[in-house]
2 protein chains.
Amino acid sequence: MNSSFLKLINHINRRIILTEDEQQAIIPHLNLRSYLKGQYIVQEGDVSRNETFIVSGKVRSFYLDDKGNEHIVAFGIEDWWINDICSYTTQTPAEFNIQCLEPTEVIQISRDKMEELFILAPKLERYFRLIIQKAYANMSKRIVNNHAQSAKERYLSFIGTYPDIANRVPQYMIASYLGITKEFLSSLRKQIHSDAKS
Amino acid sequence: MNSSFLKLINHINRRIILTEDEQQAIIPHLNLRSYLKGQYIVQEGDVSRNETFIVSGKVRSFYLDDKGNEHIVAFGIEDWWINDICSYTTQTPAEFNIQCLEPTEVIQISRDKMEELFILAPKLERYFRLIIQKAYANMSKRIVNNHAQSAKERYLSFIGTYPDIANRVPQYMIASYLGITKEFLSSLRKQIHSDAKS
DNA sequence: CCAAAAAAATAAGGTAGATTAATAAAGTTG
DNA sequence: CAACTTTATTAATCTACCTTATTTTTTTGG
């Protein structure tokens, strides 16, 4: 089996049990696709037609406000699903952009194919329920932490939890994700470094 | 059929199609329960053992930080599911409290009963997937709005979207939900009222 | 390997929202 | 309805974080 497809099948098998037959049946519904750095998987205003699983690479999901400021909602890395779920489920124009931060390989499943898959292997409903439940729980904690913690605490917690993201995306994007300006993040980093020395 | 159960069945039927048999089979798995104002459906430190659907009443889900400050994560009203999903799925101690703000009637389904239900009617996996997807999409927008909008804008948007909650819970809880202090919310309201007059 | 662009750092001045503390209003209960 | 508790207002002071502007460093690509 193609190693990218295998990666997804393994991801599924870690959460539910697929028979050999089911695994084989799923494969033809999958669509492998490569994006270059900077390219968009979903653009604001377009309708999101696919569920997207990241095989390799790194993406960001962001929102442009009235003043043209970017607000990063989420990063996506290897082995994560990423989408504008609202656009995908209601087939309405996306409010978020999903852009590749490096060359990125993904597996996509169109909405029609997804419905076929759910009939073929209803267990997949559970798989996606578990995935989104996890994402929801993380979002809830993030809401709370945004209120309960200072920017410095949130930054330290972020680089602790996602060191690979922290090291490989520009700082101004981390600032945007944390909800602070790049200038303020820069000054926090200065503080943190001088704290570490003394 | 008991009218509370009917309320839940209708809620399900609005998203998936249940046969008459399936509806009848679901009923015995449901557990009707009443709480008084102030009582806890889930307490921090306890394990959440049930999925909980609000038939009537109003609840809040909140987190206590190190300094003992309350941070409201969500409100729950009629026809909403509410839970500490992380605690429920992993059967670990809850980080959030879920407390009734008025006398509240709920339908609960224990984890074991839920597994039986999923075998009985696998469609329910889809129902819960749809429910949580919606909640996730709302959370994402809330994260963005917390960054893109001022406290005043968030407050106005909140009372516009949830007038029934805004009118029936104390202001200091709305402040907590919005991530601001009650004093600052009070001053925002003063501004808003004088804006309206001039 | 150099020029241009993108990202990061620095610094001064400004503001949204926090903190503290005191008072007033509204709800609750015996 | 009086005493008490909870909730809301007001106001002064304070600070975490923003804005704007300039400079330095790093990355990119021809």
Novice: Using a strict cut-off of less than 4.0 Å between a Lys/Arg side-chain nitrogen and an Asp/Glu carboxylate oxygen, indicate whether E115(B) and R126(A) qualify as a salt bridge.
Specialist: yes
Novice: If you only use heavy atoms from C-beta on, which nucleotide in dA8(C), dA11(C), dA8(D) is closest to the side chain of P170(A)?
Specialist: dA8(C)
Novice: Given dC17(D), dA8(D), dA7(C), which nucleotide is nearest the side-chain atoms of A151(A)?
Specialist: dC17(D)
Novice: Please answer whether the main-chain N or O of E95(A) pairs with a side-chain N or O of D84(A) as donor and acceptor at a distance below 3.5 Å.
Specialist: yes
Novice: Expressed as a whole number of angstroms, how long is the span from Q149(B):CD to dC18(D):C1'?
Specialist: 18 Å
Novice: Can you confirm whether K134(B) is buried at NZ, in the sense that more than 12 heavy atoms of other residues, nucleotides or ligands lie under 6.0 Å from that atom?
Specialist: no
Novice: Between dC17(D), dA9(C), dG17(C), spot the one nearest the side chain of I180(B), thanks.
Specialist: dG17(C)
Novice: Testing the basics here: between P93(B) and G45(B), what is the closest heavy-atom pair and its distance to 0.1 Å?
Specialist: CB-O, 3.3 Å
Novice: Identify which nucleotide among dA8(C), dT20(C), dT10(C) has an atom closest to any side-chain atom of Y172(A), counting heavy atoms from C-beta outward.
Specialist: dA8(C)
Novice: Within this structure, what is the NE2-to-P distance between H193(A) and dT10(C), rounded to whole angstrom?
Specialist: 10 Å
Novice: Mind checking F184(A) for me? I need base, sugar-phosphate or nothing, with any heavy atom below 4.0 Å counting as a touch.
Specialist: base
Novice: Look at T181(B) and dA18(C) and indicate whether a side-chain polar atom (N or O) is within less than 4.0 Å of OP1 or OP2.
Specialist: yes
Novice: If you pin S150(A) and E183(A) to their nearest nucleotides in DNA chain D, which one's is more 5'?
Specialist: S150(A)
Novice: What integer distance in Å separates L185(A):CG from dA9(C):P?
Specialist: 8 Å
Novice: Whole angstrom is fine here: how far is it from CG in L188(A) over to C1' in dA9(C)?
Specialist: 13 Å
Novice: Between K152(B) and K37(B), which is nearer to the 5' end of DNA chain C once each is assigned its nearest nucleotide?
Specialist: K152(B)
Novice: Choosing from dT10(D), dA8(C), dC17(D), which nucleotide comes nearest the side chain of S186(B)?
Specialist: dT10(D)
Novice: Hey, does the side chain of R189(A) come within less than 4.0 Å of dA8(C)'s phosphate (OP1/OP2), counting only N and O?
Specialist: no
Novice: Round to the nearest Å and state the distance from R168(A) atom CZ to dA7(C) atom C1'.
Specialist: 18 Å
Novice: I need the single residue from F5(A), F53(A), W80(A) that forms a ring-ring contact (aromatic ring centres under 6.0 Å, His included) with H11(A). Which is it?
Specialist: F53(A)
Novice: What contact category does K190(B) fall into here, base, sugar-phosphate, or nothing, at under 4.0 angstrom with non-hydrogen atoms?
Specialist: sugar-phosphate
Novice: Using a cut-off of strictly less than 4.0 Å, decide whether Q171(A) has a side-chain nitrogen or oxygen near OP1 or OP2 of dT26(D).
Specialist: no
Novice: To the nearest Å, how far apart are Q191(A) CD and dA9(C) P?
Specialist: 13 Å
Novice: Please report the distance, rounded to the nearest Å, between NZ in K182(B) and P in dA24(C).
Specialist: 17 Å
Novice: How close or far is atom C1' of dG17(C) from atom CD of E153(B), stated in whole angstroms?
Specialist: 14 Å
